[in-house]
Participant: 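Below you'll find the structure I mean.
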Amino acid sequence: MTNEQLLDSYAKLAVRSGLNLQRGQQLLISAPLDAVPLVRRITEHAYRAGASLVTTVYADDAATLARYAHAPDEAFDVAPAWLFNGMAEAFRGGAARLAIAGEDPSLLAGQDPKKLARANKARSLAYRPALELITGFAINWCVIAAATPAWARSVFPGLPEAEAVERLWRAIFACTKADLPDPVAAWEAHNAELHRRTEFLNDRRYRALKYMGPGTDLTLGLAEDHYWKGGGGRALNGVFCNANIPTEEVFTAPHKDMVEGTVRSSKPLSYQGSLIDGIRVRFERGRIVEMTAEKGEDAFRSLISTDEGAARLGEVALVPHSSPISKSGIIFNNTLFDENAASHIAVGQSYTENIRDGSKRSREELAALGANSSLVHVDWMIGSAELDVDGILPDGTPEPLMRKGEWAI
Ligand code: ZN
Ligand code: ZN
């Protein structure tokens, strides 16, 4: 297939399998400026699927940098609450959401960490009403990626830019199955496999997971009434969608107060323009009490200081080391891809759908079961070919779940 055909197949996959956009639905897209060609194709497929209106909000890296270079100090406590409130209103009115990732992983490297922390906090606070509808799975939504020049340069630093972009697109098409003859059918088969895995895990009702590997000795309690999810799912508006393309993970809610021990990151994490690498943390009663990072330590420290829940876990996900994304051998410096190449954990907000009947329970009930609450939700990778994971049954018996990074079940 030509690049044009692949891009079109990918756009169609996002609208059909990713969003499963319904006739009459509005669609809200957020995208980097460099993703215009992809956004136009998605917009076309969205209208063909019956969308009533497609609205795109573009992010421009140069404009973001101009703010850090020239804006007055007080500007860093400001966020466009009006915009995020409008997005939340659109979602409540039935709009679907498509986020296109592709940002420069180290766009804000070297900027004042205090300004970064203030700007991120202001943004997180203002974004909360919209984020809650997303993490609560109120609407059908999807995250995909576009190969932008800045991102491609960071993934393939040795290649000329055009070649780097081309290679990154090829990797994206392969990891998302967009290069297969029938991507929609491939996603149905993939979902069936992930659902088999979640059914097994939900039947076992483990009370904890135990992780063992170099630099890692961690016991991670699971929330009461936790529920494993993976692959596509039905949003509360009744639409079955695939929220992440690609996705290889099965994931659930840890208990926010029951994580003990040490864990080491296995891949770099790109967070709001900072690249964070070599993270080591120690948990006590669910909370991070010690942390260091070889790179981006300030950014990680400010992330986990956002609020009380940011130093606790909101998600635990298992991904075999042989996942197609991991096999590509590429470190993407982008969470959508890297989190699907390795088992991971996330600090911050947990997903309501990871608690049985979560959407019917109050915030207090969810907290009592161990679900975490925070302005942030950031995944980071801990899986590798050296990681063993046991599931701890309700009576305390351990059983092998993963050995050397692969499923043992
Ligand atoms: Zn995840
Ligand atoms: Zn996550």
Side-chain angles (χ1 to χ4, degrees), residues 18 97 99 101 103 124 127-128 130-137 141-145 175-176 190-191 194-195 197-198 201 209 211 218 220 222-223 226-233 235 241-256 259 263 265-272 276 279 281 288 300 303-304 306 309-321 323-326 332-355 358 371-384 387 389 401-402 405:
R97 172 242 192 193
E103 62 280 2
S124 299
Y127 190 48
R128 184 159 207 171
L131 183 68
E132 277 182 344
L133 294 164
I134 296 166
T135 58
F137 212 18
W141 60 271
C142 178
V143 185
I144 61 165
C175 292
T176 59
H190 182 55
N191 269 330
L194 289 170
H195 289 159
R197 194 75 74 191
T198 56
L201 290 165
L209 302 178
Y211 292 77
L218 185 75
L220 188 155
L222 298 176
H226 68 269
Y227 190 67
W228 288 89
K229 304 245 347 185
C241 65
N242 284 287
N244 283 4
I245 287 190
T247 185
E248 303 287 337
E249 62 173 349
V250 293
F251 63 101
T252 194
H255 194 297
K256 67 182 170 64
V259 185
V263 64
S265 69
S266 59
K267 284 176 196 281
L269 155 68
S270 162
Y271 172 67
Q272 308 275 18
I276 306 169
I279 305 166
V281 302
I288 295 176
F300 194 75
L303 162 66
I304 63 172
T306 308
R312 297 175 185 274
L313 296 184
E315 180 196 333
V316 54
L318 298 173
V319 181
H321 187 66
S323 100
I325 296 158
S326 174
F332 285 87
N333 297 334
N334 178 288
T335 300
L336 178 62
F337 286 80
D338 291 329
E339 76 161 333
N340 286 304
S343 290
H344 58 269
I345 48 181
V347 290
Q349 180 69 35
S350 50
Y351 287 104
T352 317
E353 52 180 314
N354 282 136
I355 302 284
N372 196 27
S373 162
S374 170
L375 291 172
V376 296
H377 174 103
V378 177
D379 298 78
W380 47 288
M381 285 53 78
I382 61 170
S384 71
L387 189 70
V389 184
L401 206 49
M402 292 187 122

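Just so you know, ligand 1 is whichever comes first in the structure, and atom 1 is the first atom listed for that ligand.
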Participant: Evaluate the side-chain proximity of Arg312 to His255: yes if any heavy-atom separation is below 4.5 Å, no if none is.
Facilitator: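 His255 does not reach Arg312 side chain to side chain.
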Participant: Can you tell me if Asn244 and Asn340 form a side-chain donor-acceptor pair at under 3.5 Å?
Facilitator: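 Their side chains do not contain a donor-acceptor pair, so the 3.5 Å distance test is not met.
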Participant: Regarding His344, does it place an N, O or S atom less than 2.8 Å from the Zn ion (ligand 2)?
Facilitator: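 His344 does not place any N, O or S atom closer than 2.8 Å to the Zn ion (ligand 2).
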Participant: With respect to the Zn ion (ligand 1), what is the nearest N, O or S atom of Glu339?
Facilitator: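 Nearest N/O/S atom: OE1.
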Participant: Just give me the atom name: the N, O or S atom of Glu249 closest to the Zn ion (ligand 1).
Facilitator: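 This residue's closest N, O or S atom turns out to be OE1.
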Participant: Heavy atoms, side chains only, cut-off 4.5 Å: are Phe332 and Pro268 in contact?
Facilitator: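 Contact flag for Phe332/Pro268 side chains = no.
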Participant: For Glu315, what is the atom name of its N, O or S atom nearest to the Zn ion (ligand 1)?
Facilitator: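 Result: OE2.
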Participant: Between Gln349 and Ser373, is any pair of side-chain heavy atoms under 4.5 Å apart?
Facilitator: yes
